[in-house]
Amino acid sequence: MRFDGQSFQCSMLEGGVAELRFDLKGESVNKFNAPTLAELTEVVALIKANPEVKGLLLISGKEVGFVVGADITEFLGHFQKPEDQLIDWIMSVHKLFSTVEDFDFPTVTAINGFAVGGGMELATSTSYRVMADNAKIGFPETKLGIYPGWGGTVRMSRIAGADNAIDWIAAGDTHSAEEALKLGIVDMVVEPAKLREGALDLLGQAMAGKLDWKARRLEKLSPLKLNAIESTMVFESAKAAVGGKFGPNYPAPLAAIETMQRGSTLGRDEALAIEAKDFARIAKTPTAFALVTNFLGDQYVGKIAKKLAKAGTKVESAAVLGAGIMGGGIAFQSASKGTPIVMKDIDEKALALGLSEASKLLSKSVERGKQTPAGMAKVLTQIRPTLSFGDFKTVDLVVEAVTENEKIKKSVLLDLESQVKDEAILASNTSTISITRLAEGLRRPENFCGMHFFNPVPRMPLVEVIRGQKTSDRAVATTVGYALAMGKTPIVVNDCPGFLVNRILFPYFYGFNLLVNEGVDFQRIDKVMEKFGWPMGPAYLLDVVGIDTAYHADVVMAQGFPDRMASKVKSAIGAMFEAKRFGQKNGKGFYQYVPDKKGIPRKQADPDSAGILKPLVQKDNSASITDQDIIDRMMLPMIIEGSRCLEDKIVDTPVEVDMGLLYGLGFPTFRGGALYFADRAGLKAICERAGTFKSLGKLYEPTAQMIRLAETGSTFYEAR
Ligand SMILES: NC(=O)c1ccc[n+]([C@@H]2O[C@H](COP(=O)([O-])OP(=O)(O)OC[C@H]3O[C@@H](n4cnc5c(N)ncnc54)[C@H](O)[C@@H]3O)[C@@H](O)[C@H]2O)c1
């Protein structure tokens with residue numbers, strides 16, 4: 001028997017072994033898309049009908065791995081189908097995988113590289129699994145708002161036990177061969193070079209009757225081996241823990257447990273039917289749509305960045321000017337990802353602080369097992385602290401991260417330009433100041449751009465690469481490449497005050513200021529916005545950013561967009577700044593921060609704050625302002641400014657706006673980004689709601705694009 005398809009190739013080996021290779025032609029990885037599933041159905045039918053086959057080896061033809069899972073680009077098309085059609089589609093895959101499970105000969109999957117999601121679900125339908133010792137397996141579906149729907153909940157709970165299946169499926173992590181072997185999810189672990197040989201050996205033993213593969217299958221076809229008390233203990237305690245951890249906005253992990261529980265007393269086929277039905281329901285939740293859209297958005301911006309970076313110069317060594325909060329974080333990130341970096345400051349103490357910041361971050365990753373002590377020492381040697389420009393002649397790129405002050409930055413950049421080689425790229429980490437303006441006076445403005453990191457640098461994935469009027473393509477490409485090398489997600493944005501993310505964030509803060517001026521308690525606003533999904537409310541966020549930093553940025557934004565961002569009355573940010581309450585950094589802002597036993601500042605209410613904000617209130621309307629009003633008054637300016645950024649061509653697509661907010665601000669992921677959120681709410685409804693806040697000023701005035709899209713029933717995403 002020979003089969004030579006686009007995704008699968010099958011041939012007969014000696015002794016009646018069919019070797020089925022998964023090797024999707026024209027792709028670097030194997031994934032289950034519609035043609036692949038159709039082809040698998042075809043080849044499985046051929047194998048079933050062939051009396052010569054006495055055993056099956058399922059193996060990957062790709063060195064990188066077995067299968068990365070189902071093709072996520074097809075997900076939304078499936079999820080949009082009517083529920084019965086979606087169930088039919090899932091049942092067709094169940095039928096396929098069950099046919100493999102029901103072959104009347106033993107089957108073995110050889111797992112190399114990665115086997116996740118749908119790939120693991122196919123692997124669990126074979127009798128045995130052999131895994132390369134460096135491979136990783138898992139079920140990442142909950143990260144996309146769904147859970148394994150191709151038999152994963154049914155087979156995993158029967159193979160590994162309900163408790164382990166819950167752990168793996170709810171968390172969505174990937175796991176090592178060692179962990180998988182311990183739980184019996186795989187049967188043998190071998191060196192990568194011996195994978196095929198090992199899998200064939202195991203298959204041979206099963207074919208020779210030395211292993212009872214039929215007994216193993218019977219376990220997978222039967223209900224779970226739990227009595228009523230054990231079942232209640234496992235499922236109910238897991239539901240309480242997982243429900244509490246993920247909360248109502250991320251329903252998939254809890255739903256996965258409920259599905260497993262419902263199927264636990266049933267045989268395979270009935271349990272699979274339940275899984276299909278439940279999966280169809282969870283795939284239709286707004287969370288699943290948002291998380292899949294975010295995933296595709298991530299791929300989209302990643303692809304643009306990688307393509308852009310090709311035109312750049314590789315950064316072999318870098319430098320950072322300024323060893324403050326940001327400079328220290330940038331040095332750490334660069335060194336830990338393999339690009340050596342020189343860190344310069346004018347202040348010896350700052351330099352020591354920058355280094356200690358980097359070593360603190362490294363110690364944390366050693367504690368978490370992500371780094372070895374030797375690795376930590378190596379990273380530290382890649383950061384060279386200095387007070388002089390000595391080493392700057394050799395570096396390819398310098399990030400300027402000195403104090404946010406236009407005059408200081410301009411003079412520092414001018415000085416810096418004379419200290420580096422002609423082709424070196426200078427990139428400013430300014431949060432708000434125009435890159436075009438900072439380039440004035442430079443001799444080589446084409447080599448200058450913005451490289452805006454977010455705080456804390458190691459945790460926030462976004463880097464905005466800002467193109468000034470004179471910035472060259474090479475400067476952009478080189479900076480994008482460096483950001484990628486640092487493990488970040490770069491998004492290229494055109495120059496304007498605040499660039500993309502802060503330009504959209506500040507209108508949100510203005511929404512906050514206006515509410516406080518109408519007497520709404522800032523703690524109430526924080527609570528409402530945290531319930532909406534933000535990791536922290538606006539007042540808490542301002543405290544973390546630093547009230548002084550926010551105040552200075554506010555001035556820049558007001559100058560940049562006076563028609564809508566210049567406040568005529570004193571704002572909450574201004575009042576806190578005048579009171580020298582700079583937030584977490586000096587222990588007092590909207591809240592007060594008291595160090596706990598470990599020295600970590602903990603947020604507490606501060607009785608003095610109300611008194612500082614009271615004089616701002618001209619007329620107290622707080623009693624008539626509902627929680628929904630608070631959400632709308634905070635979110636509308638953000639959506640509208642996002643639309644303006646598109647119309648002003650700061651970025652090209654709503655995807656970039658949304659990914660910027662998700663990765664730079666921690667926008668609630670289950671809502672997608674601000675523009676996706678607006679699309680889901682409906683732009684007509686958004687424009688109408690904005691109309692009710694017209695008296696609040698231009699921040700609440702929908703843009704021409706929004707009105708046009710609302711009139712035609714379109715969305716930001718459709719119109720791109
Ligand atoms: N802190 C944030 O949340 C954040 C986020 C994104 C971007 N930024 C931007 O990053 C930059 C740095 O911010 P930060 O929060 O790290 O400030 P910071 O005050 O912690 O650090 C600034 C450092 O620059 C040093 N410095 C000043 N003049 C210098 C010079 N001529 N040469 C070398 N070093 C000099 C100072 O000694 C200080 O150590 C600013 O432009 C800021 O807007 C900050």
Side-chain angles (χ1 to χ4, degrees), residues 319-333 341-358 361 384-392 398-420 426-435 437-438 449-466 483 488 490 493 497-503 505-506 509 536 540-557 582-586 589 660 663-666:
V320 59
L321 208 58
I325 306 174
M326 297 306 285
I330 292 164
F332 160 82
Q333 191 67 22
I341 189 160
V342 182
M343 179 168 70
K344 178 184 180 310
D345 206 293
I346 42 172
D347 178 356
E348 202 159 347
K349 267 198 229 130
L351 216 47
L353 219 67
L355 258 191
S356 88
E357 187 62 25
L361 291 167
R384 268 175 301 146
T386 176
L387 289 168
S388 75
F389 277 116
D391 286 334
F392 273 57
V398 185
V399 184
E400 169 277 304
V402 305
T403 322
E404 182 82 351
N405 175 304
E406 187 166 339
K407 252 195 192 152
I408 296 179
K409 279 197 192 283
K410 273 187 164 166
S411 100
V412 162
L413 285 166
L414 214 58
D415 194 13
L416 177 61
E417 197 180 37
S418 62
Q419 303 290 342
V420 294
L426 307 186
S428 175
N429 181 40
T430 172
S431 319
T432 47
I433 308 168
S434 159
I435 292 302
R437 268 215 322 266
L438 283 179
C449 65
M451 189 176 193
H452 183 212
F453 290 86
F454 290 76
N455 188 16
V457 177
R459 264 226 319 271
M460 300 303 279
L462 182 67
V463 171
E464 288 178 302
V465 175
I466 301 116
K488 298 292 169 193
V493 310
F499 318 124
L500 177 70
V501 173
N502 280 336
R503 175 167 163 182
L505 175 64
F506 274 79
F509 285 149
M536 47 183 87
Y540 187 19
L541 178 62
L542 281 161
D543 276 358
V544 171
V545 166
I547 300 287
D548 50 343
T549 308
Y551 178 80
H552 291 305
D554 198 17
V555 172
V556 176
M557 300 306 290
F582 298 151
Q584 243 180 17
K585 65 174 78 165
N586 71 352
Y663 285 170
L665 290 185

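In what follows, every heavy atom counts, from backbone to side chain, and hydrogens, waters and symmetry copies are set aside. All ligand and atom numbering here is 1-based and tracks the order in the structure.
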**Study point:** Nearest non-hydrogen protein atom, atom 12 (C) of ligand 1
**Key:** Ala401 O, 3.3 Å

Study note, to complete from the structure: the protein heavy atom lying closest to atom 21 (O) of ligand 1 turns out to be Gly324 CA, 3.3 Å

Check your understanding: Is there a heavy atom in Phe453 that sits closer than 4.0 Å to ligand 1?
Key -> yes

**Study point:** Asn405 backbone acceptor or donor facing Thr403 side chain under 3.5 Å
**Key:** no

Practice item. Quick one: look up the protein heavy atom nearest atom 16 (O) of ligand 1 and list residue, atom name and how far away it is. Key: Met326 N, 2.9 Å

**Study point:** Main-chain N/O of Val545 paired with Lys585 side-chain donor or acceptor, under 3.5 Å
**Key:** no

Study note, to complete from the structure: re atom 39 (O) of ligand 1, the protein heavy-atom contact at minimum distance is Asp345 OD2, 2.7 Å

Exercise for review: Heavy-atom contacts with Ala350 under 4.0 Å: which atoms of ligand 1 show up? List them by number with element.
Suggested key: 39 (O)

Practice item. Please check if the side chain of Lys344 supplies one atom and the backbone of Gly390 the other of a donor-acceptor pair under 3.5 Å. Key: no

Check your understanding: Short list, please: which atoms of ligand 1 are under 4.0 Å from a heavy atom of Asn455?
Key -> 1 (N), 2 (C), 3 (O)

Review point. Going by the angle between their ring planes, with limits at 30° and 60°, are Phe389 and Phe392 parallel, tilted or perpendicular?
Key: perpendicular

Point to revise | Side-chain donor or acceptor of Glu400 paired with backbone N/O of Leu413 under 3.5 Å | key: no

Point to revise | Ligand-side contact atoms (ligand 1) for residue partner Thr430, heavy atom cut-off under 4.0 Å | key: 41 (O)

Study note, to complete from the structure: In terms of its nearest heavy atom to atom 31 (N) of ligand 1, the top option of Val412, Ile433, Leu413, Leu416 is Val412

Revision key, fill the gap. Heavy atoms of Leu462 and Gly660 approach each other most closely as CD2-O, 3.5 Å

Practice item. Please report the C-alpha distance between Asn502 and Val556 in whole Å, then the side-chain angles of each, then the deciding distance to 0.1 Å, and finally whether the side chain to side chain contact (heavy atoms under 4.5 Å, CB included) criterion is met. Key: CA-CA 11 Å; Asn502 280 336; Val556 176; over 6 Å; no

Check your understanding: Is there at least one pair of N or O atoms, one from Glu400 and one from ligand 1, spaced under 3.5 Å apart?
Key -> no

Review point. What residue and atom, counting heavy atoms only, is the protein's closest point to atom 35 (C) of ligand 1, and at what distance?
Key: Val402 CG1, 3.4 Å

Point to revise | Any Ser431 side-chain heavy atom under 4.5 Å of His452 side chain | key: yes

**Study point:** Minimum heavy-atom distance between Met326 and Phe453, given as atom pair plus value
**Key:** CE-O, 3.5 Å

Check your understanding: Who's the nearest protein heavy-atom neighbour of atom 28 (N) of ligand 1, and how far?
Key -> Ile346 CD1, 3.5 Å

Exercise for review: May I ask you to check whether His452 has an N/O atom sitting below 3.5 Å from an N/O atom of ligand 1?
Suggested key: no

Point to revise | Atom indices of ligand 1 within 4.0 angstrom of Lys409 heavy atoms, with elements | key: 40 (C), 41 (O)

**Study point:** Donor-acceptor pair, side chain of Asp345 and main chain of Ala323, under 3.5 angstrom
**Key:** yes

Check your understanding: atom 19 (O) of ligand 1: protein heavy atom closer than 4.0 Å?
Key -> no

Check your understanding: Within less than 4.0 angstrom of ligand 1, does Thr403 place any heavy atom?
Key -> yes

Practice item. Would you name the heavy atoms of Ile435 and Gly450 that are closest together and state the gap between them? Key: CD1-CA, 3.5 Å

Check your understanding: Under 3.5 Å, is there a donor-acceptor pair between the Thr432 and Glu404 side chains?
Key -> yes

Check your understanding: Does ligand 1 have an atom under 4.0 Å from some heavy atom of His552?
Key -> no

Check your understanding: Nearest protein heavy atom to atom 7 (C) of ligand 1, by residue and atom, and its distance?
Key -> Ser431 OG, 3.2 Å

Check your understanding: Looking at ligand 1, does any of its N/O atoms fall within less than 3.5 Å of an N/O of Ile325?
Key -> yes

Practice item. Show which atoms of ligand 1 fall inside a sub-4.0 Å distance from at least one heavy-atom site of Glu404. Key: 40 (C), 41 (O), 42 (C), 43 (O)

Check your understanding: Short question: side chain of Glu464, backbone of Phe499 - any donor-acceptor pair under 3.5 Å?
Key -> no

Review point. Any N or O on Asn429 sitting closer than 3.5 Å to an N or O of ligand 1?
Key: yes

